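Working notes, structure below.
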Protein chains: 4
Amino acid sequence: MKTKDLILETAKEMISQVGFHRATTSNLAKAANISEGTIYRHFESKEDILLHILAELEESFSYYIEGVRQKLDKDECSFDMIMADYFTFVEDNEVDMKIMLSTYGLLDSSKRLMAVFLKNLELILEDCIKVGIRKGILRDVAVEENSTIIMTIIFGLTRMHLYWPNQRDVRTEAIDFCRRSLLK
Amino acid sequence: MKTKDLILETAKEMISQVGFHRATTSNLAKAANISEGTIYRHFESKEDILLHILAELEESFSYYIEGVRQKLDKDECSFDMIMADYFTFVEDNEVDMKIMLSTYGLLDSSKRLMAVFLKNLELILEDCIKVGIRKGILRDVAVEENSTIIMTIIFGLTRMHLYWPNQRDVRTEAIDFCRRSLLK
Amino acid sequence: MKTKDLILETAKEMISQVGFHRATTSNLAKAANISEGTIYRHFESKEDILLHILAELEESFSYYIEGVRQKLDKDECSFDMIMADYFTFVEDNEVDMKIMLSTYGLLDSSKRLMAVFLKNLELILEDCIKVGIRKGILRDVAVEENSTIIMTIIFGLTRMHLYWPNQRDVRTEAIDFCRRSLLK
Amino acid sequence: MKTKDLILETAKEMISQVGFHRATTSNLAKAANISEGTIYRHFESKEDILLHILAELEESFSYYIEGVRQKLDKDECSFDMIMADYFTFVEDNEVDMKIMLSTYGLLDSSKRLMAVFLKNLELILEDCIKVGIRKGILRDVAVEENSTIIMTIIFGLTRMHLYWPNQRDVRTEAIDFCRRSLLK
DNA sequence: GATGAATGAGCCTTCATTCAT
DNA sequence: CATGAATGAAGGCTCATTCAT
């Protein structure tokens, strides 16, 4: 593995486990078995490492969103599918997601990315629910409010899943929960 | 106000606004208009301040839980009431809640308290749903899973409300959302 | 002596001897027998120490200039007196002068102060030479050019005196040199 | 241009502009469009680069001195000619001169070279003034002191010219100034 | 109880230098 | 000859904590 990727992977692991502040450059260098100076050959600053991690996550997310959008265009989309796909996305990006969730109170760029997540998910849910209502599949609920609710549920479950792994995993049941609430 | 309480209040405000790490003892002393040494006359360490804040929150929470328990005993309880009451509780303890939510990744005692919140809310929701089902008011859903779900929704909404105040507040609509899913 | 002054004095000695870059906070702390942290209780940064030193020097210089101005107003001033007084001023502020002379290539505030020295000395020499010419004591030379020359001589001698102490001290002879050149 | 010369030229430019400390090997390599390692193939250390620059300057200076010596031997020399020639020499070696003047407080070898400059100029001025006095052209002044003075003036003007380019250039007027002081 | 100066470990970062390719 | 990744010592600075007054 290239050094840059080694640093990135080590940093991901470390930040997701002990948080950004306690993942010091000194510890990072030790864990990756490199010298501290080497970090700065590949990244401008400690924050820059985080930025790279977040950029990767943003790209992954944009793929996910694009995938959902395509399904939506082909009329193959439903809010429960969005939820299921999103849970898969989180599964595939666990470490990065934890990092974003634990740093958006610390770092503007992290907060910005989180806002992108929220906004995109909400918008796509809105579109999807609108379609569902028009088709007569979903109850005639307030579109905006209910997409916000589902989005909030999604993020609540994600966080619970990532930060409280001992907690019962109820993600599939949660989809049913929402179906009962929205399907006619 | 006593010095100890002054420190506590100032710390609450500061930690909830800038986070635990950036709330330095130096800034804290300046903001409270006392000397840094004085802090250590009343608290063993910076973490100890946080512990006191969390202890206060824990006490408030136990009152809330006790209140709900009493209603439950008098058969006056429903899951949507628990949600509504909890949102009121959060409203009354905004600052402390933000602190808990922003530190449970950093501090064991904070994580412990969060676990208490989760467990208690889950248990009481379980009891309440059980009663509801027995009475024939609620659908015959899996009790444990569904209480976990509602608990998760509750915390998701709380976090969203506290950390993304610009986001639409959908807490009352969320209660309806859950009612549709669970009420017969 | 107060700690702040101790730091200031130690820093003066050290910077004047080894230069700003090699006067590290670590060495400074050791020399002053204090901890590195203490430095930052009294000064905002390492540069801030230098700023304080320069500010002191600027004040001393303004006293000197004021003294010369008063003599000028009382018609008791001559260019050779300005030179002699200035050499006394340098003698009284040796260490600070060395610091200014060795940092004005490094630091804007130091360069600014040096410019103040140059400008003030030049202006006062101009006034003084003008008077001398009007009185018929001095030759009818170009005022501005000749004040610049004398100022340059003054600074050349100062630097030589401070940085090459083994070099013959010719400051008094230099005054005669200038007198021969300018007096009728 | 050979790599070694490329490094030398780039270093000259950079050091004279930003100073020795801020001319890092990294920046130097970037500016010269070579790798950092290459520098160490041609020079033993960063200081070694400076040593080469100074050696070049020393050689140029010895040519200048030799030229003056020859004129002196042919009886064609006067102190004002030495001054004028020296100013030409500085003009031709501006960059190197700036480097010497900005590093003799930092580096022994630079200080040594500066001493060579001072000594040689002083000696030749002494010889020249002696001749002038013997011939009856110059006033009967103290030879050593007055050569030191002229030498000091020369270096003061040089420094002023190089470091304060906005300052009026009074080098030719300065020669007249000295002539008035020394010529009968 | 209160003060605030002092501490010192530790943080992020820079940079001259080395070395395998 | 050249490369550029890697090194590690050192630098400036922060901050929780202690202690004499």
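Here the structure is a predicted model, which is why all the values come from computation and not from measurement.
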[atom1] of [X] versus [atom2] of [N]: gap in Å, rounded?
X: B/Leu28; N: E/dA2; atom1: CG; atom2: P; value: 14 Å
X: A/Phe43; N: E/dC12; atom1: CZ; atom2: C1'; value: 15 Å
X: C/Asp48; N: F/dC13; atom1: CG; atom2: C1'; value: 13 Å
X: A/His42; N: F/dT7; atom1: NE2; atom2: C1'; value: 12 Å
X: B/Lys4; N: E/dA2; atom1: NZ; atom2: C1'; value: 16 Å
X: C/Leu50; N: F/dG12; atom1: CG; atom2: P; value: 13 Å
X: B/Met14; N: F/dC15; atom1: CE; atom2: P; value: 12 Å
X: C/Asn33; N: E/dA5; atom1: CG; atom2: C1'; value: 15 Å

Sugar-phosphate, base or nothing in reach of D/Ile34, heavy atoms under 4.0 Å: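 Sugar-phosphate contact only.
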
Reading 5' to 3' through nucleotides 13-21 of chain E, protein heavy-atom contacts under 4.0 Å coded B for base, S for sugar-phosphate only, - for none: BBSBBB---

Kindly write out the residues that satisfy side-chain hydrogen bond (donor to acceptor under 3.5 Å, both in side chains) with [X], not counting sequence neighbours, or none if the list is empty.
X: D/Glu13; result: D/Gln17
X: A/Thr24; result: A/Asn27
X: B/Asn93; result: none

Atom of A/Arg22, atom of A/Val18 and distance for their closest heavy-atom approach: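 Taking A/Arg22 first and A/Val18 second, the nearest heavy atoms are NE-O, 3.4 Å.
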
Worked verdict on C/Glu56 versus C/Phe61 for side-chain contact (heavy atoms from CB on, under 4.5 Å): CA-CA 9 Å; C/Glu56 269 185 35; C/Phe61 185 65; over 6 Å; no

Ring centre gap for B/Phe155 and A/Trp164 strictly below 6.0 Å: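 Ring centroids of B/Phe155 and A/Trp164 are no less than 6.0 Å from each other.
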
Intra- and interstrand pairs of DNA chain F - dot-bracket, Watson-Crick/G-U under 3.5 Å, | marks other strand: .||||||||||||||||||||

Residue closer to the 5' end of DNA chain F, A/Thr3 versus D/Ser35 (nearest nucleotide):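 Closer to the 5' end of DNA chain F: D/Ser35.
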
Gap between atom CD1 of A/Ile34 and atom OG1 of A/Thr10 - 0.5 Å precision: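 Output value for this atom pair is 7.0 Å.
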
Summary of side-chain hydrogen bond (donor to acceptor under 3.5 Å, both in side chains) pairs that have at least one residue in residues 30-43 of chain A, sequence neighbours excluded: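 Matches after skipping sequence neighbours: A/Thr25-A/Glu36, A/Ser26-A/Lys30, A/Ser35-A/Thr38.
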
Residues A/Glu94 and A/Lys12 bridged, charged N to O under 4.0 Å: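 Judged by the 4.0 Å cut-off on N to carboxylate O distance, A/Glu94 and A/Lys12 do not form a salt bridge.
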
